[in-house]
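Reviewing the structure listed below.
Because the structure is a prediction, the values reported are computed rather than measured. A note on names: the letters A, B, ... follow the listed sequences, proteins ahead of strands, and every chain is numbered from 1.
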Amino acid sequence: MSVYAHSLPVPETLQTNSRNPTPETLENGLLRTFKSPFELKQIHAQIIKTNTPPSVLQLSHVASICALTSSFPYARTIIHLSGKHETAVWNSCLKDFAQSESPDDAVRLFSRLCEHGICLDAFTFSFVLKACTKLLDGLGGRVIHGFIEKLGFQSNLYLQNSLVHLYVVSGEIDSVRQLFDKMPDRDVVSWNIMIKHLVKMGNVDEAYNLFSMMPERNVRSWTSMIMGFVQCGKPKEAVDLFTKMEEEKLCPNEVTVVAVLSACADLGALDLGKKIHEFANRSGFKRNIRVCNTLLDMYIKCGCLVAAYSVFEEMEQKTIVSWSAMIQGLAINGKGEEALILFSKMIHLQIKPNGVTFIGLLYACSHMGLVHKGRQYFASMSRDYGIVPQIEHYGCMVDLLSRAGLLKEAHEFIKSMHIKPNGVVWGALLGGCRVHKNVELAEEAIKHLLELDPLNDGYYVVLSNIYAEAKRWEDAARVRKLMREKGVKKTPGSSSISLDGVVHEFVAGDDSHPQTEVIQQTWEKLLEEMRLRGYVPNTSVVLLDIEESEKVRFLYRHSEKLAVVFGLINTANGTPIRVMKNLRVCEDCHAALKLISEIVDRKIVVRDRNRFHCFENGVCSCKDFW
DNA sequence: GTAGGGTTAG
C-alpha cells in the first residue's frame with residue numbers, strides 16, 4: 001500500500017530539522033559518496049545516450065544530492081525517465097541516510113518528500129522512524145506517528161513496533177504505555193521492546209514478570225532479560241536465567257555472551273566466565289570486538305591479568321574500549337607503572353584516548369602516589385585531546401591529592417571546581433582525612449556528604465572511625481547516634497568464594513556455615529603463627545561500643561577472614577584463593593592476609609569494592625596503598 | 001528493501 005502525501009502540511013518540528021546543508025553534513029554524512037554536483041546530469045545523459053536505465057542505487061545517489069540541493073524536481077524527472085518506481089528510490093535513499101552518521105538527513109529528506117507530495121509507503125515510514133530512533137527524537141516521532149495515522153498505516157505491526165521502540169529510547173514513557181496497550185496485535189518483537197522499556201525504568205521485576213508471561217520467547221527475549229538483570233545490578237539472577245536458557249536448548253549468540261560475561265565480571269565468577277570464553281571461541285565469536293572487550297573485562301574483574309592480557313594481545317582489532325579496559329585493569333591490579341606504559345604505547349600508535357581512558361590513568365597515579373604525573377594527565381586531557389573533565393575525573397584528582405596527604409590542596413581543588421562536587425568527590429576527601437588523620441577537614445567533608453547522600457552508611461562509618469582513632473569517643477558515639485536517627489544501617493561486610501561452581505558466602509560475624517567449627521580451629525592455629533610473626537589485632541576498625549575482648553572476637557570473624565580460611569581448608573595446597581568482598585578490605589584483615597599468604601605459602605586474591613589485593617609471600621600487590 | 005540485546009567508567 002502506498003499513499004500520496006500531497007494534502008499533508010509539513011509540521012514545524014520537521015521543518016526545523018530541514019536545515020540547509022553544512023560542510024559538516026557533507027563531510028560526515030552519507031554524502032561523502034557524493035562525488036560531484038554534475039552527477040545528476042551525468043546520469044541524465046547516460047539515460048538518454050545509452051538507453052540503459054541506472055540502478056536504484058545510482059538513483060538514490062541522485063536523491064542524496066537532491067535532499068540537500070534545490071534540484072529536487074530535476075531528480076524526479078530523472079527517476080521517472082529511468083522507469084524505476086519512485087517511492088522505492090526515495091526509500092533506498094532514506095534507508096542509507098538513516099544508517100549513516102547523520103540520520104537527520106533522513107528526516108530532512110522525508111520533509112521534502114512530503115512537501116513535494118511524493119507517494120509514501122510503509123517502508124518510507126520505517127526508515128524515517130529508524131532515523132528518529134537513532135536521533136532519540138521523540139518529538140519527530142510524534143509527528144511521524146501523526147502521519148502514519150492520517151495515511152492509514154496505523155495497523156502495520158512493523159511501524160507500531162518501531163514507534164513503541166522510538167518512544168522507549170526517547171523517554172516518552174506515557175506514549176509507550178498508551179501505544180502498547182492499544183496495539184491490536186503484538187508479536188515477540190513488541191514484547192522484547194517492552195522488556196527493554198521496563199529495564200530502562202529500573203523495573204526489572206516487572207520486566208521479568210512480563211518475560212514469564214510472554215506468549216513466545218526467542219533468543220533475543222532471553223538475552224534482553226539476562227542483560228536487564230545485569231544492568232539492574234542483579235548478576236546472580238542473570239546467570240541463573242542463562243542456566244535456564246541453556247536448559248531450554250536455546251543457542252546463545254554474541255549478545256547473549258556479552259551479557260553473561262558482564263554478569264560473570266560483576267560476580268567474579270571466573271569458572272563460568274572461562275566456560276563462556278571457550279564457547280565463544282568454538283562459535284567463532286572471537287572476531288566480535290564487543291565480545292572480546294567484555295571477555296577482557298571479565299578476566300580483569302576476576303583478577304586474571306595474564307588471561308586478560310592474552311585476550312588483549314590476540315584481538316585482531318582493538319578499540320579505545322579495549323585499551324581503556326586494559327589500562328584500568330593494570331591499575332586496579334597494582335600494576336600502575338605498566339598501566340602508564342601501556343598508555344604511552346597507545347598514544348605512540350596514534351590511538352585517541354577518551355574520558356574513560358583518563359579515569360584509569362588517574363586511578364593508576366592515585367594508587368601509586370604519583371601526584372605530579374596525575375596532575376600532568378589531568379591538564380593534558382583537555383589541552384591535548386580536547387576531553388572536558390567530568391565529575392569522575394575531579395573525583396580521581398581529589399582522591400589523588402587526598403591519598404597523598406595534600407588535604408588542603410584537595411579541598412581548594414574542590415572549591416575551584418566548575419561543576420558541583422558530588423558524593424564521590426567529598427567522599428575521596430573524607431577517605432584521605434582518615435588516612436592522614438585530619439578531623440577538621442573530615443567534618444567539612446561530612447557536612448556536604450550528609451546533604452548530598454545522607455543515606456550512604458559508608459561516610460558515617462569513616463567519620464566514626466576517624467573520631468575513634470583520635471580517641472574522641474563521644475564524637476564517635478554521636479555519629480553512631482546520628483546514623484540510628486536517620487535510619488542508616490551499616491552494610492554488613494560480606495565475602496564470597498566459589499568452589500566447584502558453588503558460591504559460598506560469608507557475612508561478618510556469621511557462624512551459620514556448616515564448617516564453622518573447622519574454620520574456627522584453623523583460624524586459631526593460624527593466629528598462633530601470626531602472633532609469632534608480630535600480628536596484633538587492630539581493633540580501631542571495629543565501630544561497635546563494646547569491650548575490647550569483644551571487639552577482637554568480632555574482628556576475627558570478619559567476612560574476608562572467614563572466606564579465606566574456608567578456602568584454605570577446602571582446596572589443595574598451593575591453589576590460589578580468590579575472594580570477592582562487597583566493601584573495602586579493612587586494615588586488620590589486610591595485615592592478617594599478608595601474613596597468612598606467607599604462612600601457608602599461597603596466593604590470596606581479594607577483590608574489594610575498589611580494586612584487587614593480591615597477597616603473596618607476605619606482601620600485597622597494592623603495596624599497602626589503597 | 002521495513003521493527004527488538006551488546007563492550008571500558010559508574
Touch check for [X], heavy atoms < 4.0 angstrom, all strands: base, sugar-phosphate only, or nothing?
X	answer
A:Val257	nothing
A:Asn156	nothing
A:Glu254	base
A:Val291	base
A:Thr294	sugar-phosphate

**Complete:** Students should find that the nucleotides of DNA chain B closing off the region near chain A, any atom under 4.0 angstrom from a heavy atom, are B:dG1 to B:dA9
All N/O donor-acceptor pairs, side-chain side in residues 236-246 of chain A, below 3.5 Å, sequence neighbours left out:
| residue | atom | partner | partner atom | Å |
| --- | --- | --- | --- | --- |
| A:Thr243 | OG1 | A:Val239 | O | 2.9 |
| A:Lys244 | NZ | A:Tyr208 | OH | 3.2 |

**Prompt:** Taking DNA chain B as the partner, which of residues 158-166 of chain A come within under 4.0 angstrom of it by heavy atom?
**Reply:** A:Tyr158, A:Asn161, A:Ser162, A:His165
**Asked** Which residues within residues 306-332 of chain A lie with some heavy atom under 4.0 Å of an atom in DNA chain B?
**Response**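 A:Val321, A:Ser324, A:Gln328 - these, ordered by number, are the residues of the stretch whose heavy atoms sit under 4.0 Å from the strand.
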Side-chain donor-acceptor contacts of residues 278-292 of chain A below 3.5 Å, not counting sequence neighbours, with atom names and distances?
| residue | atom | partner | partner atom | Å |
| --- | --- | --- | --- | --- |
| A:Ser283 | OG | A:Phe279 | O | 2.7 |
| A:Lys286 | NZ | A:Glu314 | OE1 | 3.3 |
| A:Asn288 | OD1 | A:Arg290 | N | 2.9 |
| A:Asn288 | OD1 | A:Val291 | N | 3.1 |

List in chain and number order the residues that pass side-chain hydrogen bond (donor to acceptor under 3.5 Å, both in side chains) with [X], two or more places apart in sequence or in another chain; answer none if no residue qualifies.
X	value
A:Ser190	A:Asn161, A:Asp187
A:Asn293	A:Thr319, A:Ser322
A:Asn203	A:Glu206
A:His393	none

**Item:** Summary of ring pair (Phe, Tyr, Trp, His ring centres under 6.0 Å) pairs that have at least one residue in residues 170-193 of chain A, sequence neighbours excluded
**Value:** A:Phe180-A:Trp191
Considering only distance and modelled atom types, tabulate donor-acceptor pairs under 3.5 Å from the side chains of residues 221-231 of chain A, sequence neighbours left out.
| residue | atom | partner | partner atom | Å |
| --- | --- | --- | --- | --- |
| A:Ser221 | OG | A:Asn192 | OD1 | 2.9 |
| A:Ser221 | OG | A:Asn218 | N | 2.9 |
| A:Ser221 | OG | A:Asn218 | O | 3.2 |
| A:Ser221 | OG | A:Asn218 | OD1 | 2.8 |
| A:Thr223 | OG1 | A:Val219 | O | 2.7 |
| A:Thr223 | OG1 | A:Thr256 | OG1 | 2.9 |
| A:Ser224 | OG | A:Arg220 | O | 2.8 |

**Prompt:** Would a line drawn from the ring center of A:Phe147 to the ring center of A:Phe110 be shorter than 6.0 Å?
**Reply:** yes
I'd like a table of donor-acceptor pairs (distance under 3.5 Å, sequence neighbours excluded) in which one partner is a side-chain atom from residues 333-345 of chain A, with atom names and distances.
| residue | atom | partner | partner atom | Å |
| --- | --- | --- | --- | --- |
| A:Asn333 | ND2 | A:Gly329 | O | 2.8 |
| A:Ser344 | OG | A:Leu340 | O | 3.0 |

